[in-house]
Structure formats: C-alpha cells, structure tokens
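Naming convention: chains lettered A, B, ... in sequence-line order (proteins, then strands); numbering from 1 in each chain.
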Amino acid sequence: MATGATPETGAGTADTVSASVVGASGFTGGELLRLLAGHPRFAVAQATSREYANRTVGSVHPNLRHLDVRFVSPDEIEPVDVLFAAMPHGASMERIEEFRDLAGTVVDLSADFRLDDATKYDEWYDGHTAPEHLDDAVYALPERHRDELPGADIVASGGCNATATILGLGPLADADLLDGADVVVDVKVGSSEGGAGGGEAGSHPERSGVVRPYAPTGHRHEAEIEQELGLSVSFTAHAVDMVRGASATAHVFPEDLPTKGDLWTAFRGAYEDEPFVRLVAGGGGVYRYPEPKAVAATNHAEVGFELDERNDRLVVFSAIDNMMKGSAGQAVHAANVALGFEETAGLDFQGLHPVGAP
Amino acid sequence: MATGATPETGAGTADTVSASVVGASGFTGGELLRLLAGHPRFAVAQATSREYANRTVGSVHPNLRHLDVRFVSPDEIEPVDVLFAAMPHGASMERIEEFRDLAGTVVDLSADFRLDDATKYDEWYDGHTAPEHLDDAVYALPERHRDELPGADIVASGGCNATATILGLGPLADADLLDGADVVVDVKVGSSEGGAGGGEAGSHPERSGVVRPYAPTGHRHEAEIEQELGLSVSFTAHAVDMVRGASATAHVFPEDLPTKGDLWTAFRGAYEDEPFVRLVAGGGGVYRYPEPKAVAATNHAEVGFELDERNDRLVVFSAIDNMMKGSAGQAVHAANVALGFEETAGLDFQGLHPVGAP
Amino acid sequence: MATGATPETGAGTADTVSASVVGASGFTGGELLRLLAGHPRFAVAQATSREYANRTVGSVHPNLRHLDVRFVSPDEIEPVDVLFAAMPHGASMERIEEFRDLAGTVVDLSADFRLDDATKYDEWYDGHTAPEHLDDAVYALPERHRDELPGADIVASGGCNATATILGLGPLADADLLDGADVVVDVKVGSSEGGAGGGEAGSHPERSGVVRPYAPTGHRHEAEIEQELGLSVSFTAHAVDMVRGASATAHVFPEDLPTKGDLWTAFRGAYEDEPFVRLVAGGGGVYRYPEPKAVAATNHAEVGFELDERNDRLVVFSAIDNMMKGSAGQAVHAANVALGFEETAGLDFQGLHPVGAP
Amino acid sequence: MATGATPETGAGTADTVSASVVGASGFTGGELLRLLAGHPRFAVAQATSREYANRTVGSVHPNLRHLDVRFVSPDEIEPVDVLFAAMPHGASMERIEEFRDLAGTVVDLSADFRLDDATKYDEWYDGHTAPEHLDDAVYALPERHRDELPGADIVASGGCNATATILGLGPLADADLLDGADVVVDVKVGSSEGGAGGGEAGSHPERSGVVRPYAPTGHRHEAEIEQELGLSVSFTAHAVDMVRGASATAHVFPEDLPTKGDLWTAFRGAYEDEPFVRLVAGGGGVYRYPEPKAVAATNHAEVGFELDERNDRLVVFSAIDNMMKGSAGQAVHAANVALGFEETAGLDFQGLHPVGAP
Amino acid sequence: MTACPECGADVALHDDLEVGEIVDCSTCGTELEVTDVNPPVLERAPELDEDWGE
Amino acid sequence: MTACPECGADVALHDDLEVGEIVDCSTCGTELEVTDVNPPVLERAPELDEDWGE
Ligand SMILES: NC(=O)c1ccc[n+]([C@@H]2O[C@H](COP(=O)([O-])OP(=O)(O)OC[C@H]3O[C@@H](n4cnc5c(N)ncnc54)[C@H](OP(=O)(O)O)[C@@H]3O)[C@@H](O)[C@H]2O)c1
Ligand SMILES: NC(=O)c1ccc[n+]([C@@H]2O[C@H](COP(=O)([O-])OP(=O)(O)OC[C@H]3O[C@@H](n4cnc5c(N)ncnc54)[C@H](OP(=O)(O)O)[C@@H]3O)[C@@H](O)[C@H]2O)c1
Ligand SMILES: NC(=O)c1ccc[n+]([C@@H]2O[C@H](COP(=O)([O-])OP(=O)(O)OC[C@H]3O[C@@H](n4cnc5c(N)ncnc54)[C@H](OP(=O)(O)O)[C@@H]3O)[C@@H](O)[C@H]2O)c1
Ligand SMILES: NC(=O)c1ccc[n+]([C@@H]2O[C@H](COP(=O)([O-])OP(=O)(O)OC[C@H]3O[C@@H](n4cnc5c(N)ncnc54)[C@H](OP(=O)(O)O)[C@@H]3O)[C@@H](O)[C@H]2O)c1
Ligand SMILES: [Zn+2]
Ligand SMILES: [Zn+2]
C-alpha cells in the first residue's frame, strides 16, 4: 500500500533510508531532526512547518544551523521511507491514510495510536476518527514491545510521563508484585512537555521557580499506563523549574511487601541487558537515585527503588529526558528496532556532568 | 526561674520586649533577625555566631546591612525576654537549662522539643539529653495549638515539611475523614532547607535543576506528623530547583470518599478565620492550586485539594515558604501568640508577583 | 483643573488619599496595587483591566488574594486623588488629558513623560501626541529630583535600566568626573522587564538559562540617561535567567582617573543620607559588590565601584529590582515626595536572605 | 625522551592511542573522560583522583556510569601516549618533568603553560617553577594555532573567558581593525567555571539567581588575551545563574568605525571554513546573537556583532560552553590536530533545543 | 451576595451584572458565569483550558 | 544562488519562488524578502519586532 521505499533503500546512500518529519518546527520535531541528521542509517528528506515554510530549520532550532534543510509546508510532503509525525494529538489521525500511502513506516509521537481500542479514545480523549488503523500500531517502548516492532506499519511513541512510569513499574508488574497493589504516581516535569509556543502560564516569569500541580487528577496518561501494565494508577503531575526532564515517583502498597532481593531480581532481570536503562538505587556520592539531570540529553532512563518497611511501602523512582526517552529518542529507538538497525544507532550521547537544568 | 524579663517589659521601650537569636548566622537565624528587627513589639538584643563573631550581621545577611548589630559568641549571651534558638538539632537540648535561665520564653526552631516523649527521640533521632523539659514545650503551629501557647515556656517550632503536611491534612483529620486512610505525602523542597554551608551535593552545579529524591523513606518528620495528626503517613521528599519553598502533595485513600461539599466544609471551617492560611482549589488563571512561589517571602500557607473519583482518591496540596511559615515566620507567629501580641505583628508582607524562584 | 481631591484628603480616612491604577493586571500595575494596599497613606480606589474586568485582582496576582478589589474596565475610571498609569508606552500620552481631569496627580510608569522635549520622542520613539504636557512632568527619581517633585502634576517614573545606570553614574557626573569620558553600560535584566504576556522568545523553555543580547545597540533608555546625566553612554542589554532584577556595569574611561578617595567622596556625599541607596564596594563575605538578589523585593539600589588602574578604567556597578526601584517602588517613592508623605512610607521591606532568583 | 608511544600507535587497537587524565574527578577532567571514551581514536588508560581512588568514575560523574574505569591515585600514573592534566593551576608546572617522561604529548588545561614568558607568570600569577618548558608549549586554540600544533610536546588549553574573547576579537585584530582601539570585555559565566567543590559563595542558595561581579578588574585572562591578540583589554566578569556557559560582550571603540561589509569580510574570512565557529549576527527568530545555551554541550563557539554608529562603537558577542570549547573540548580538538586525527573526531555533538540552563 | 456553587462562600457581586459575565469566587477562585440576574444565579464557568500547563 | 545583501554569502533559493516570500540567509540568519524573481532579488525584510525580548 505504501508507495515509500522499503527499509534499507532510502534517499541517501544504499545504506540509508529516507525520513521526513511532519511538525518539525516543534520541540519533538526539532529533536527528531537532530537525531536523524546524526544517525548513520537515516537521511533527512523533508521537514514541515506551516509557520516557518521556506526558512532554514536553523532559524527555529539554533542547534541545527549547520543543516542545509528548509521547512516545507505539510502539503508538500513527498513519498519517503519513514515518516515521523510530531503534531499535537488529533492531527495525526486525520492524516494517517495519507501518511501510510506516503511511507512504509509511520512513527507517530502523538497519543493518536497509543491506545489499542477506540473506546479508550472516547473515554480519555475526544474519540478517534481513524480507528481502523489502531490495530496496525505498536506501542513503541522497545523495553516492552521489542518483538512486535520489526516491520510495524505504525509505531506509536509513548507519552513521556507514561514512559517514565511504565519503565519504573513494568518489572514489578511482570513479576506479579503489583497484583492488588495501590499505586500512586507523583510526577515532576519540565516545561518542554508543553511544546513550543505556550501562553501566559508558560511564560518565563510565571513558569520559573514553580512547583505547580498542573494535572492533579485524571491525567490522560493513566490510560496508557493501565494498558501497558494491566494496572490502574493514581496519577498527579507537577510542573517544576527545568526545561527537559520527567521524574516519576511511584508509591506502591503491595499486598505483600517484597524483599530487596526480590526487587533486585525483578529489576536486574528486566534491565540488565537493556542498552538504555540504568539501575540507580542507593550507593554513595551525590547521585544516589534516579534524577532527570543525570540523563538529560540522552536516551537513557534511570530506575531505582527503596523499601519502606515501616509503612509497608515500596517507592520506585524513574527519570528520563522527555525530549529523548520520552519522545524523539524513544521514536528513533523504536524505528531502529522496526527497521532492523542497530538499536543504539544515533542515540549514543552519554549525557553531561556537571549540568544545570537542561 | 527565668531571670529574663516578663513579657511586655523589654530592652526596648515600654512596649517592646527584648529578643536574642542564637545561631543568627544561619538561614533561619537570619530570617528571625529580619522579622524581629521589623517587628513592632520586639527589640533585637543579641545575635550569636561562632564563626562571624564581631562582624556585622549585614556581612552575612546582605539584606540586613542597615542593622547596627554585630554577632557575639554564643558564650556571651545575656538575659533577655525571649530567646530564639536556631541551631542544628541536638544543640538546643544541650543548652536548654541555660537558655531557660536566661529567658522567660525560649522559642526553639530545631526538632529538639517538638516530640512530646523521649522514646520518640530514641526511635527517630539519637535520643534526648534533657527529656525533663519536653513537657514544658508546646508545638508551635498556632493553627493547631493556639490555646496552649500563651505563657508557654518553650515553643517548639515545627519542621517545614511537617508544617506543610499538617496544615494540608489537619482539617481532614479533625473531621474524621482520614480514619483508616492510606496516606502518601510527596514533598518537594528548596535548597535553603539544608541550611547555610552545605557540601558538594549542595553546590550550585550539582544542586541546580534537580528533581532529586533526598529522603526516599524514613524521613524524621513522619514522627511529628503522626504526633500532630494521630495518623501515620508514608513520606518521601525531593529536592527541586528553588531556594525557598516546600510543597506537599498528599495522596489520600479514605475509607469513604468525601464529597466536595464535605471537603469545603472541613477546610473552610478550619481556615476561614486563620490569618495565614489561604484556600486555593481550582479556579482559573495561572495559579489554581497551592504553589510555593505564590507564598514566597510570606508567612502564608496555601492549601487546596481535588477529588479523584476514578481512583477513590483525594489529593491535598499545600505550599509554604520554609524560611517563614516553615520556620522563622511560624516561630514569630507563635511567639506573638505566646506573648499576647497581635498575631500578625511583624508578619504582614504579602508576597510578590511576578516572582521567579525565591 | 483636576477634579480629584487635593493631597491629604482622600477616599479613605482623613489621613489617606485615594489612588487608582490603570493597567493593574500588568506586572508593574500589580506591584503598585501591592504597595498601595500596604501603604499607610493611600487607599486603593480602582484597578483597571480590559481583559480581566470583574475578576478579583487576586485571580491575576496570587499575592493579592486577600484584597477585596475587582478589576474595572479602564472606561469606568473615576475621579481620584492620585492616578497611577502602568500601560505600555504610547497609551498614556493618548489619555493624559483625561487623566489630568480625573486626578490631581498623575504618576506615569511608561516612557511617555520622561523626556523633556518632543523632538527626543521623534528621535527615539514614534513621536509624541501630547507634547504640551511634557513641561508639567518631573522625572521621578527622588535621588535626583527631590526638590521638583512636591506638587508635580505629572510624575514620570524612570526606566528600569536607566534608573540603575543613572544611580551608578550620577554622583560621578555631578562631581565632574565624567567630563569627556567614554562610558559603556552593560546591563543584565530579568524577564519581568518584558511585562506580562510575552511571546515565544519569552516562553520558559526559550527564556530559561539565557545570556541573550536583546538590545545590542540603540536602546531607548540612552535618551533618558543622556538627559539626566548630560552624558552620552554606549548601552547594551542582556537578558539573563531571573525574573526580577536589573544590574548595570558601567565601564568608564575618564580623562583623568580619580582616586579611590575621590570616588568615596563622591558616592558617600551623594548617598549617605539616601534611604534607598546602599554603597557596596568590596568588603568580605559572599556579597561584595551590588547584585540584584540582594535588593530583590525592596526599593533599594546597591551601588559600588572598583578602580582598574592598569586600564585607566573605573567600573561602577549598580543593582535594583526592576519591579521596585525600577518602576512601582520608584513611583510610590516619588509620589510620597510629591504628596509630602514620609519618604519611605509603604516601602520598608528589607529583602530576603537566602533568596534564589526572585 | 618520552616513553609514551608515538601518535597513532596506542594502548587500544592499532588505530587508537592511549590517553590518561590527571585530575579526572574534577569538572573538566570528567568532561575529558566523556569525550575520550566516545572518541574513535583514543582509548582511556587511567583516570586519577586522590579523593576517590578505587571508586568507579561513575560514582562521581553519573553520566559515566557505563564506563568500566576506576580512579587511581595520581602517583600510580603510567606511561601513556597522551596525558591530559586537569588540575588547578600551579599543580601541572610542579609535575611537568614527570608528565613529559610519561607521555609523548601533554595536554594541560590549567594556565601553567599558556603564557610564553616566565615574567608574565610573575606579573599575573605566583611565578613559574618550570619556565624552561614554556617554549615547548603551544596555545591550544586551533583557530589561531592550527599550524603549530602538529607534534607539539605541550598543548596549553586556553582559559574559558579568554577563549570566548579571543574568538570574538581575533578576526578584527587580524584585519587591523583594532589598532588603537579601546576595548571593554564584559563576561558572564556559569558556576562550573569554579570547578567541583566550591565553598559558601558557590552553594546553591547563595549562587542561584545571581548577577554577581566576581572579577571586577585585574582578571588573569587579560594576560592571555593580550598575548594572543596583541591588544590590551579591560575585562570584567560576572557570575550568572547557569552551570555551563561563558558569554563575552566586547565593546570596541576603533579609531575608524568599519562598515558592516568590512566586518562580514573579516569574520567570514576567518571562520567560514572553521568546523567549530558559527556566525550569528542579527536575523530573525528567538536566537539572533550568540548565546551560551545555543552551544551548550557542544564544542562550538558562536560569534556575532553589531555596529553602533551613534556611539562609534562596535559590539562583538561570543558564546561558548566553558566545559567544551572553553576547556575539555578545546583540549581534545587541539589534540586531534596535534596528533593528525580528524579535527572533529569525538566532538560531533550538535547541541540541544530546547534547553534550559545546562 | 450569592453563594458560590463550588465552595459555598458568599460572592459579592457588582450592581450592573449582566448574563454571561464571568466573575471569580474570591474564596475558592472558581470562575463563575452569571446565568441569571434577578436574583443573580452563578454557575461554574465551563473549563476553558483543562491541561493549562501541559 | 543569490548573494545575501547583509553578509554577502550565497543564498540557495528554491524553484517556485514568489515575490513577497520570506527566506532567511543560512549564513547570517537575516530575514530576506524576495522582491523580484527573475532573476531573484533579495532585500532585508522589515524588522518585525525590534525589541523582541524587552
Ligand atoms: N513535548 C514532549 O515532551 C512530548 C513527549 C511525548 C509526546 N509528545 C507529543 O508529541 C507531539 C508533538 O509535541 P511537541 O511538544 O513537539 O509539540 P509542539 O512543539 O507544539 O510542535 C507541534 C508541531 O506540529 C506542527 N503542527 C501543529 N498542528 C499541525 C497540523 N494541523 N498540521 C501539520 N502540522 C501541525 C507545528 O508546526 P507549524 O505550526 O509550524 O506547522 C509544530 O511543528 C504531541 O502530540 C505531543 O503530545 C510530546
Ligand atoms: N532551613 C529550614 O528550612 C528549616 C526549617 C525548619 C526548621 N529548621 C531548623 O532550624 C535549625 C536551624 O536551621 P538553619 O537552616 O538555619 O541552619 P544553619 O543555616 O546551618 O544555621 C545554624 C546556625 O547555628 C549555629 N550553630 C551551629 N552549631 C552551634 C552550636 N553548637 N552552638 C551555637 N551555635 C551553633 C551556626 O552558626 P555558627 O557556626 O556561626 O555559630 C548557624 O548560625 C535547625 O535545627 C533546623 O532543623 C530549619
Ligand atoms: N516591567 C518593568 O520592569 C518596567 C520597568 C519600568 C517601566 N515599565 C513601564 O511600565 C509600563 C507597564 O509595564 P508592565 O511591565 O507592567 O507591562 P504589562 O505587564 O504588559 O502591563 C500593561 C498593562 O496595561 C494594560 N493596558 C495595555 N494597553 C492598554 C490600553 N490601551 N488601555 C488601558 N490599559 C492598557 C494591560 O491590561 P489589560 O490588557 O488587561 O487592560 C496591562 O494591565 C510600560 O510602559 C513599561 O515600559 C516597566
Ligand atoms: N572549569 C572550567 O570552566 C575551566 C575552563 C578552562 C580551564 N580550566 C582549568 O582546568 C583546570 C581544572 O579545572 P576544573 O574546573 O576541572 O577543577 P576541579 O573541578 O576543581 O578539578 C580539579 C581536579 O584536580 C585534582 N587535583 C587537585 N589538586 C591536585 C594535585 N595537587 N595533584 C593531583 N590532582 C589534583 C582534583 O582531584 P582530587 O582532589 O580527587 O585528586 C580534581 O580532580 C584548572 O586549572 C582550571 O583553571 C577550567
Ligand atoms: Zn467559591
Ligand atoms: Zn547573510
């Protein structure tokens, strides 16, 4: 059906496949451009923006000033091997038919193809206009869907808060340690989560220095988390003063409190061989538990935990860069898996120390 | 027993009482000096520092450059009406005998006199060396102990995280809405909580931009909270990138979920007439729930809540400035009550807008 | 001409005068409301906003939640003793006729009445529509115009960057130490200078962490500075990551390098008796030269200097809070002088330590 | 003399050379480790720390948790191809004899070998204990010393503020546009410039939110700048609230003001083919002039300028990441040139957008 | 004086109230729409922007 | 290829250029208005917002 080339035969050399980004003037779109331009197997074909058409991508993303690419209008998008869509939710479902005609693989960063059932869109979003495509989509997170990704038609990159939460709780859910557990997830996120633009609440004077409850209850990511973990969680998100980063603290009250040994077994089993997950639980020095700045600019997640025997509680911490593991990095990682590339290709940046609030 | 003057007859004019600050080179000590110097009923007598003895207080606290006060060594402390102690915990209990001889009223900002039972100090701290004074101490928070404060010998100012938590949950505990409830308290705090000095983890490069779990479990403030609310909570604290401020999010799973009406009744009943508590729950604009920067530099607490019917959960938010309502402001407020002064005397600053990360 | 009451007979008690704020939903307007509400001699009459008419002022300014005042449309403004205008430049000149009919004293925070000659508005702004009122205006800065302020019809509050610069260089200009000098002024300012609202460049992700040249040359405040000091300066402004604050570093190459003694004589002579200027030049500790956070939330300016004999240069530092000494605080200070009130009335807040980036 | 291997034959594979870092627990040392570990031609041999000997490098630098390297004591350092020294100034000169015996190439990040004449060390530092080695050192900045670097025995990496300044003014000096000019350089820097550790002034509460003059006059980098540009400058540095980054604004008063065309000719001529310098001068969008966050985490410098005809002034802006172009990146870049590697090897990270205060 | 439908506090209203006007409750901050004027009736204003900071 | 009127660098232009379109110079970033197309002529676009951060 797709007229785009098959993987491995792209616009670039014999070894590269072509990739275009729709919504490339946005935050995740810019990050995709950066990753694709530095990727050994992708060649950037087109980058769309309605507002900045004809300008260089560097005029919006100052770190891309070296790229000789100008934005085109989304109407001018051409056949391509892989099409990355990074638009606000609701926009991808409208154009999915066209996108699939243009490209063999569509990687979507919005919520439009994350849930597997149209009724969930009725419950959590404003419904779905192309539910027939939901079955062709795979939730991107390779740590959980590595086997389903190769050859996927639609790759649905996860939500950033959901990603942090799922990575933290997944190994426990898989080890049946969460059966019947009450779970609170208290999240702290940076301002890039809101995307480019932003109104008064997102202006520097109002947004600086906040610890601001912005989604006290009913956050839509609860739907993804429940789907991926088979577990409902009580979710609350706070905006804090950083640009990149999401940190999730899960407070878990299991029916039976596991031992530290059980926990290490579960987490090490799940993540020992994962290229992008690091266990950080205790130890010495300044960085003893997961924190966003330790993974800033990388595709890594840090995951850690602590037992609270006094309160029969288990606390699980996870931290990611929402622009990377929480969106563009996850999308490229999943595309690597989907297309049979080296998993870590284009994602090898190891992060910074010291680093402020990136 | 105390040789200090009785309230209302101080070092200043007929209308003022004298006050000295032990530990005045520290963060809460400096804040006490600022508040006392601007207070209509207090006259600052002495301010101690071992490290900066003989220097002006302005050499450490640049906002106090106008004050003509020099630090003295703690050994030189003289009789005074009210003695404020702002030393690390453990130090006040060592000198309490002496302090009580010097002053009619001792206001202590450390944890040394907050718990009512020596065994609690064995459990949560390193024991207590002057347990016989515990009975003479009143926990400072006027919203809960207004009636016991007048004439108190020792006023024990509450911990900052505990204060935020107690103010958020107190009205629900009093209305029996927390009986049998599971309660998680997830706190975010600024760097001034650590006091002046600070090692590598508190240096600007390492401490900037963090969302750092610093007390994942077993935080000592659980003891105060349990004592004040009759309720055990599961407490976790995170350092975030601000200097002043503490924000507590309590996730409560009550046996029966109250209605919004029940909640408003409880909170309005508790706080309607309180000069230093504001209810902020929903509404429009940028500031819809409690957040620390809305109360920065003030003695106010903001308290708010939201119902999460999907998860049978109640979320309670509270925010304070840890230097004010969380320590020095609370101490002065309680001293006002203890000495029969106007409650809000010296505490009328209303906060700033806009304000960054104060 | 004005129908407003004369000073000293206001809307409040016999001792207060009434004051209204036009543009009260903005940053300086909100700060004016805060100062006037806490001022012993002013009673707030009206506060205008087109966008938020009928809402409480607390819905926009969370620190004013205790005030029982709702915004009215600017069309509903009524006669008042003192009218404070805090609108973008250009708007006050359009309405000055009306404002003067409404109030005996108009205090304007925009640039509209700062320059004394219409031709300067042609050169630096887009001309002036009410030049006949320029002669009735006094530049507010009391440190330089204390004698002209009493009874002034229009008080023109200075620009924030100009204020910092003028306070730093004024004493040198007066002592003839700047005759023939080359002067560079390099300014660093916070985001509140841009006012409420703000577009993409002012969004938190784009504005955080910047050292951004925003007015490399040709800044309009050069006009005010030249008028006030009789001296032309080369001015460049940078946005830095704070909300409140302006810091000016003047690099001065005088014809003859003064001695430190000359400098102290000039600065102490000028500022010894000023209630709102502090000299900070060297010394020990952390705070050795002027810096904005040492004066945050106050109406103080810090001024200091250093000699660079190797380069025949004199460096003058000055720091203010742009919301206070740089706008609303200066306006209230000047109004105090204009109306014969205690100079420091309503402006006694002494600032905070520690404090982050307020 | 050196027992280390010659370039191109290292400890790793045939294609790699071995490299050790002395002072690897520090900020620039950690950055060197990161760059060397990701470099195609270097293999990390040893990393020293006195304080953390035997710990993993990841225990100090959380971004290096994946590296299987433990600190050794500086006494245990072994022969190696290239030795990078990242110690406080004064320490390298003490050990230079030993270092040169150990390694064919010594790359020093301190100031110890930057100046070409021992008398300059007498004037600006505390003298020099190994002046006989000064002649063997080449100032690292490849944009100015590319031809002298190949085969250099000692590569002396430039100071961060000096680097920013030299890159901004170099093309003008070379084009004789600065002859007889008065030049002010006003610098703003992040907290990582102070290195790891840091006392009270560098603690988060005191260092946050500052615009703090920390080197008002007499900054030692004036010496390097003068040596490299043949031009004396008046230098003042301010600490601002970021961790990484240095921004220099040079205010230049040339004898004859050049035209914009002259300037573009000079700057394009100098930098068109430079891999690590970008010209950013005007244009649209948010990022119109150089700013540190646009180059954060990269080895790039941004350079730009503006003409101020009203004041016969030329303003030159430059921005770098002090951890990269200002130290470790520059050192690796110069080592690449010295050893005949691809210039950009290991330095290809392109930076981030959005990014906060990294 | 009319009771706030959210928190029950009294909301002080100005004289020339019009249907459709938005006021906020000064106790709980809820945005309220005037749906009738004589006597005044207040209802919660529709949420303008749910995820306002997201 | 047309020279940038600001910095002199070549500006690569796309085919279906229209008068009035705005492009930016990839060397100096200046916003340029296409004032003629055959051959293409570029002029500095009028400054949209001088004090963009003020
Ligand atoms: N930010 C995060 O941390 C994050 C994390 C995970 C997932 N996501 C998801 O990723 C998606 C993009 O987020 P973002 O933060 O990058 O948002 P953003 O910065 O607002 O960017 C959105 C982009 O989409 C374009 N666009 C908007 N409407 C469009 C339409 N109807 N047709 C074509 N293009 C359109 C915009 O460009 P023009 O207006 O110039 O065309 C812009 O480039 C969202 O669905 C978001 O939920 C974001
Ligand atoms: N920071 C907060 O947010 C906060 C909130 C609530 C309660 N508290 C409590 O308030 C107390 C003070 O906290 P802080 O943050 O102000 O700490 P800080 O900044 O470290 O100040 C401690 C002060 O005590 C002095 N000091 C230390 N040991 C002493 C001794 N043995 N004898 C006499 N003076 C001594 C120190 O001055 P010299 O060394 O110069 O003598 C210093 O002035 C602590 O108990 C803390 O738990 C703090
Ligand atoms: N911010 C500073 O640091 C600073 C320092 C010194 C001087 N100033 C000057 O002070 C003035 C206000 O600055 P700001 O920062 O407070 O700006 P702001 O936050 O943008 O506020 C402007 C206010 O004016 C109102 N307004 C705008 N146009 C109006 C019109 N045509 N008629 C009536 N009201 C109008 C706006 O409210 P509605 O739209 O709701 O009516 C808003 O309340 C400016 O002239 C500025 O240059 C500012
Ligand atoms: N930070 C910057 O932006 C920057 C920029 C340009 C140049 N530089 C220069 O680079 C050098 C390092 O700066 P930095 O910021 O990385 O400093 P830093 O963080 O303080 O690190 C210094 C390192 O040197 C080690 N060290 C100290 N004294 C030593 C000795 N006598 N023998 C052996 N090791 C010793 C320390 O580790 P142990 O104590 O564990 O041994 C530490 O690893 C300085 O000369 C600095 O001027 C720094
Ligand atoms: Zn209400
Ligand atoms: Zn150009």
**OP:** Go through the structure and list residues passing side-chain contact (heavy atoms from CB on, under 4.5 Å) with A/Ala335, not counting sequence neighbours.
**Re:** A/Phe42, A/Phe84, A/Val107
Donor-acceptor pairs under 3.5 Å, chain A versus chain C:
residue: A/Tyr52; atom: OH; partner: C/Glu200; partner atom: OE1; Å: 3.1
residue: A/Ser191; atom: OG; partner: C/His204; partner atom: ND1; Å: 2.6
residue: A/Glu200; atom: OE1; partner: C/Tyr52; partner atom: OH; Å: 3.0
residue: A/Gly202; atom: O; partner: C/His204; partner atom: N; Å: 2.9
residue: A/His204; atom: N; partner: C/Gly202; partner atom: O; Å: 2.9
residue: A/His204; atom: ND1; partner: C/Ser191; partner atom: OG; Å: 2.6
residue: A/His204; atom: NE2; partner: C/Asp241; partner atom: OD1; Å: 2.8
residue: A/Asp241; atom: OD1; partner: C/His204; partner atom: NE2; Å: 2.8

Original post:
Taking C-beta and beyond as the side chain, do C/Leu32 and C/Leu109 meet within less than 4.5 Å on heavy atoms?
Top reply: yes
**OP:** Determine the minimum heavy-atom distance between A/Ala334 and A/Val155, stating which atoms define it.
**Re:** CB-CG1, 3.7 Å
Subject >> Any side-chain heavy-atom pair of A/Ile166 and A/Leu141 under 4.5 Å >> reply: yes
Original post:
Do C/Val69 and C/Leu64 touch side chain to side chain, with heavy atoms closer than 4.5 Å?
Top reply: no
Subject >> Check: A/Met324 and A/Val295 side chains under 4.5 Å, non-hydrogen atoms >> reply: no
